[in-house]
Amino acid sequence: MKKLVSIEEAISKIEDGMTIMIGGFLACGSPNKMIDALLQKGVKDLTIIGNDTGFIDRGIGKLVVSGQAKKVIVSHIGTNKETGRLMNEGKLEVVLVPQGTLAEQVRAGGAGLGGVLTPIGVGTPIAEGKDHLIIDGKTFLLEKALRADVALIFGSKVDEKGNVYYHESTRNFNPLMATAADFVIVEAEEVVKVGELDPHLIMTPGLFVKQIVKA
Amino acid sequence: MKKLVSIEEAISKIEDGMTIMIGGFLACGSPNKMIDALLQKGVKDLTIIGNDTGFIDRGIGKLVVSGQAKKVIVSHIGTNKETGRLMNEGKLEVVLVPQGTLAEQVRAGGAGLGGVLTPIGVGTPIAEGKDHLIIDGKTFLLEKALRADVALIFGSKVDEKGNVYYHESTRNFNPLMATAADFVIVEAEEVVKVGELDPHLIMTPGLFVKQIVKA
Amino acid sequence: MDAKEIIARRVAKEFKDGDVVNLGIGLPTLVPNYIDEDVEIILHSENGFTGIGPAPEADQIDPNLVNAGGMPVTIIPGGVFFDSAMSFTIIRGGHLDATVLGALQVDEEGNLANWMIPGKLVPGMGGAMDLVGGAKKVIVAMTHTAKGDLKILKKCTLPLTGAKKVSKIITEMGVMEVTPEGLVLTEYNPEYTLEQIKEATEADLIIPENIREMC
Amino acid sequence: MDAKEIIARRVAKEFKDGDVVNLGIGLPTLVPNYIDEDVEIILHSENGFTGIGPAPEADQIDPNLVNAGGMPVTIIPGGVFFDSAMSFTIIRGGHLDATVLGALQVDEEGNLANWMIPGKLVPGMGGAMDLVGGAKKVIVAMTHTAKGDLKILKKCTLPLTGAKKVSKIITEMGVMEVTPEGLVLTEYNPEYTLEQIKEATEADLIIPENIREMC
């Protein structure tokens with residue numbers, strides 16, 4: 001199975017209205033070439049799941065500025081003023097989620113679990129309308145699992161079978177998102193031969209990855 | 001903080017009646033020196049959480065044969081006939097849990113989550129008496145988080161701050177258990193200086209580890 | 001060819017290039033010997049890696065590298081080591097194309113029992129419940145009867161491993177698919193008559209017009 | 001010393017050797033400058049590592065290594081990289097000894113608001129809800145008032161980040177502990193009179209007999 005494809009071929013998988021997970025944390029470890037390709041393709045009405053909406057000119061934020069996102073599910077929007085502006089104008093739906101809850105929701109989606117039972121957010125506005133479970137006397141919120149049609153992740157070194165190594169703080173949400181979408185595309189900073197990566201250093205097994213594009 | 005201690009000092013933390021997690025999979029990646037020290041100390045009425053009860057002469061199984069376990073929470077007992085015999089004689093309580101559920105329960109205990117919502121086991125005897133949650137039309141069992149007083153784990157290379165690298169298939173439950181106990185002791189095949197391990201190869205951050213003993 | 005070889009050879013035809021497969025202990029481990037050269041499958045070992053290679057030579061045995069049955073194995077280039085949580089994320093999350101397991105009993109609704117005989121034998125489920133519940137395709141590979149006792153039943157009488165999860169049953173007598181209408185014998189081994197196969201099967205077998213010889 | 005330095009210097013005294021600490025952006029990042037040389041703390045960065053080191057020289061900036069505020073940092077020997085799930089396992093699972101954060105409002109019940117001003121400013125909670133909910137000790141470090149507006153209230157009016165989670169409030173005026181009886185002013189800065197401090201605080205302050213000067 002040949003996984004390495006052109007950006008054009010990979011981007012052809014993404015259609016209007018899809019839910020897309022995009023890796024990275026304030027654009028560190030984000031698949032920037034794929035984001036640019038999405039801009040160029042002009043695909044719209046996207047629901048984007050990511051840690052944050054980055055900056056107006058970097059990371060996920062570009063897709064907010066371009067108006068291609070109809071909804072974002074993120075933990076933070078403070079570094080991109082356009083997100084707040086579009087939200088206040090009613091042009092963008094913003095769901096804010098505690099970062100650790102978001103990580104677990106994505107992980108649960110990838111792990112076949114129904115949701116997450118977390119104590120985080122109890123007694124705050126984000127608990128409103130959500131199921132509260134009392135387990136052994138402690139209260140937990142039920143936060144549902146998240147999945148996406150496509151996940152766009154960024155890998156520092158990727159072998160031809162799709163095994164991914166993430167360098168330093170680029171890892172963040174990438175390995176979680178790689179498990180939680182129907183179609184996973186990794187943007188590889190460097191593509192290496194099978195066998196070149198230490199099997200202990202591979203953080204995303206290639207079985208999760210459908211396509212590889214070069215950064 | 002000096003974490004490297006003698007086995008005698010580490011073992012002194014373990015008392016009758018405690019709940020102990022022990023890493024390893026059919027004794028591969030088990031802390032065998034610590035298990036032998038527990039045998040020698042003769043501490044009893046233990047509740048042991050592990051993947052399996054190993055063999056009569058290897059791994060967790062030794063503590064079953066010696067009669068020091070009053071209860072085991074494991075996924076498999078078929079390789080140790082003594083477990084079944086003691087269970088049938090009413091001398092040992094055995095709680096059998098699907099391996100993946102056990103892994104998530106331990107992880108949830110370490111991650112501050114209330115439990116696991118898993119589809120595994122629905123419609124089987126293990127679902128009896130457990131809460132069933134229907135989420136978006138699919139049925140999940142609520143399996144509670146697991147924690148222990150002490151976790152005994154095995155690491156292939158451990159630095160003096162307690163950062164752990166697990167080699168090959170010794171990893172299994174070890175990194176999960178390292179997060180889910182009040183006191184974590186790692187048995188190190190090799191102790192190395194701080195800085196010798198690639199920070200990407202460390203699978204258990206040292207902050208989880210209280211003490212290190214040499215294997 | 002003995003019964004086991006017939007079964008393993010037929011199971012091997014179930015896979016397409018790139019499939020991720022978990023093989024249970026015993027008979028299923030014979031399957032790789034019969035897979036077409038141009039079909040490359042990824043073998044998953046639930047104790048924590050993908051890329052199971054051939055058994056090592058006696059002088060090459062590595063105690064840190066065993067399969068889920070505790071037997072020494074090797075890992076092929078492109079293989080990946082991970083912990084038990086990731087291992088079962090792969091299984092439970094729907095990332096496993098197929099699992100091949102033996103059974104004590106299987107029935108026409110696709111129920112499977114293979115983890116205990118109350119009062120007699122209780123090995124535990126290990127990873128079997130997760131495999132049966134999580135794999136996209138659950139293939140039961142076993143001899144059609146056990147010392148004359150029927151194993152393919154109208155309704156399992158032993159405690160279930162999974163409810164309505166089996167996709168296909170492959171024995172030395174034939175191939176049966178679980179369908180909403182019941183068990184369909186899609187292929188038969190011409191060494192047996194259809195009458196012999198029906199007699200060896202408690203479940204009703206639907207014999208389609210286009211039944212083929214097993215190959 | 002300006003207010004920020006006074007606060008950071010006092011916060012630095014909260015830690016003991018080996019503590020695992022997460023410092024919020026802004027003022028809290030000044031704290032490491034004031035920690036005793038014989039106290040070694042482990043700094044946690046919620047985007048995915050422990051062992052935050054000093055900021056790099058301009059020509060040493062590594063785009064793959066940033067802190068949770070997106071700023072270039074370094075990692076010290078013994079530091080560890082991990083993904084967002086592990087990062088919040090550390091936070092939510094009770095493995096973080098302390099977190100130091102700023103606040104828009106904090107009240108005498110230990111409630112904290114710092115993630116949004118409805119209709120005006122909605123940066124999102126990022127990791128703050130997890131930090132407030134998960135850390136063993138939640139230290140609010142901030143200037144006592146904001147341009148004359150009181151921030152230490154009887155009851156927060158802004159949406160909460162965490163309910164009843166704050167342990168201690170440290171400002172340039174003093175140190176307040178949250179107790180079941182209310183806010184206890186345990187230390188005060190002698191540059192201010194107790195009357196001035198009370199006037200700058202909407203919450204009732206309990207002044208114990210053994211109140212000390214802030215150091």
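- Proximity of C/M129 to B/Q99: side-chain heavy atoms (C-beta onward) are nowhere separated by under 4.5 Å.
- At a 4.5 Å heavy-atom cutoff, C/N111 makes no contact with chain B through either its backbone or its side chain.
- Other residues, nucleotides and ligands place no more than 12 heavy atoms under 6.0 Å from the NZ atom of B/K193.
- The environment of B/Q68 atom CD is dense: over 12 non-hydrogen atoms of other residues, nucleotides or ligands sit within 6.0 angstrom.
- The structure places CD1 of B/I120 at 11.0 Å from CE of C/M125, a figure rounded to the nearest 0.5 Å.
- Heavy atoms of C/S45 lying under 4.5 Å from chain B are absent altogether.
- Annotation: C/E5, atom CD; neighbour count of heavy atoms from other residues, nucleotides and ligands within 6.0 Å is above 12.
- In the displayed structure, C/K154 atom NZ is contacted under 6.0 Å by more than 12 heavy atoms of other residues, nucleotides or ligands.
- B/S169 contributes a side-chain N or O that, together with a main-chain N or O of C/V66, makes up a donor-acceptor pair within less than 3.5 Å.
- Proximity to chain C (any heavy atom under 4.5 Å) is shown, for B/L96, by both the backbone and the side chain.
- Residue B/H76 comes nearest to C/G126 through the heavy atom pair CD2-N, 4.1 Å, listed as atom of the first residue, atom of the second, then distance.
- Between the C/R92 side chain and the B/T118 main chain, no donor and acceptor come within less than 3.5 Å of each other.
- Enclosure of atom CD in C/E57 is not indicated, since only 12 or fewer non-hydrogen atoms of other residues, nucleotides or ligands lie within 6.0 angstrom.
- Between B/N51 and C/S84, every side-chain heavy-atom pair lies at or beyond the 4.5 Å cut-off.
- Contact annotation for B/T53: neither backbone nor side-chain heavy atoms come within less than 4.5 Å of a heavy atom of chain C.
- Using a 4.5 Å cut-off between heavy atoms, B/I77 touches chain C through backbone and side chain atoms alike.
- Atom SG of B/C28 sits about 13.0 Å away from atom CE of C/M71, to the nearest 0.5 Å.
- By number of non-hydrogen pairs under 4.5 angstrom with chain C, the leading residue of B/H167, B/R107, B/M203 is B/H167.
- Between chain B and the residues C/T89, C/V132, C/N47, the largest count of heavy-atom pairs under 4.5 Å involves C/N47.
- Summarising the local packing, NZ of B/K130 is surrounded by more than 12 heavy atoms from other residues, nucleotides or ligands at distances under 6.0 Å.
- Among the candidates C/G127, C/G162, C/G48, the residue making the largest number of heavy-atom pairs closer than 4.5 Å to chain B is C/G127.
- With a 4.5 angstrom heavy-atom cutoff, B/M87 touches chain C only via side-chain atoms.
- Of the possible donor and acceptor atoms, one in the side chain of B/R171 sits under 3.5 Å from a partner among the backbone N and O of C/F81.
- More than 12 heavy atoms of other residues, nucleotides or ligands sit less than 6.0 Å from atom CD1 of C/I61.
- You'll find the side chain of B/N172 stays beyond 4.5 Å of the side chain of C/D83, heavy atoms only.
- When heavy atoms are compared at a cutoff of 4.5 Å, C/I91 does not approach chain B at all.
- In this structure, the portion of B/I126 lying under 4.5 Å from any heavy atom of chain C is its side chain and not its backbone.
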One pair to check against side-chain contact (heavy atoms from CB on, under 4.5 Å): C/D130 and B/T101. What are the steps and the verdict?
CA-CA 8 Å; C/D130 302 272; B/T101 299; 4.2 Å; yes

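- When each of B/D52, B/N174, B/V97 is checked for heavy-atom pairs under 4.5 Å with chain C, B/V97 comes out on top.
- Heavy-atom pairs under 4.5 Å with chain B peak, among C/D62, C/T161, C/I75, at C/D62.
- Atom OG1 of B/T124 is separated from atom NZ of C/K165 by 11.0 Å, given to the nearest 0.5 angstrom.
- Ranked by heavy-atom pairs under 4.5 Å with chain B, the first of C/G70, C/A68, C/S87 is C/A68.
- When heavy atoms are compared at a cutoff of 4.5 Å, B/V122 approaches chain C solely by way of its backbone atoms N, CA, C and O.
- For chain B, the option among C/G79, C/A113, C/G134, C/P159 with the highest count of heavy-atom pairs below 4.5 Å is C/P159.
- For the pair B/P125 and C/W115, the minimum side-chain heavy-atom distance is below 4.5 Å.
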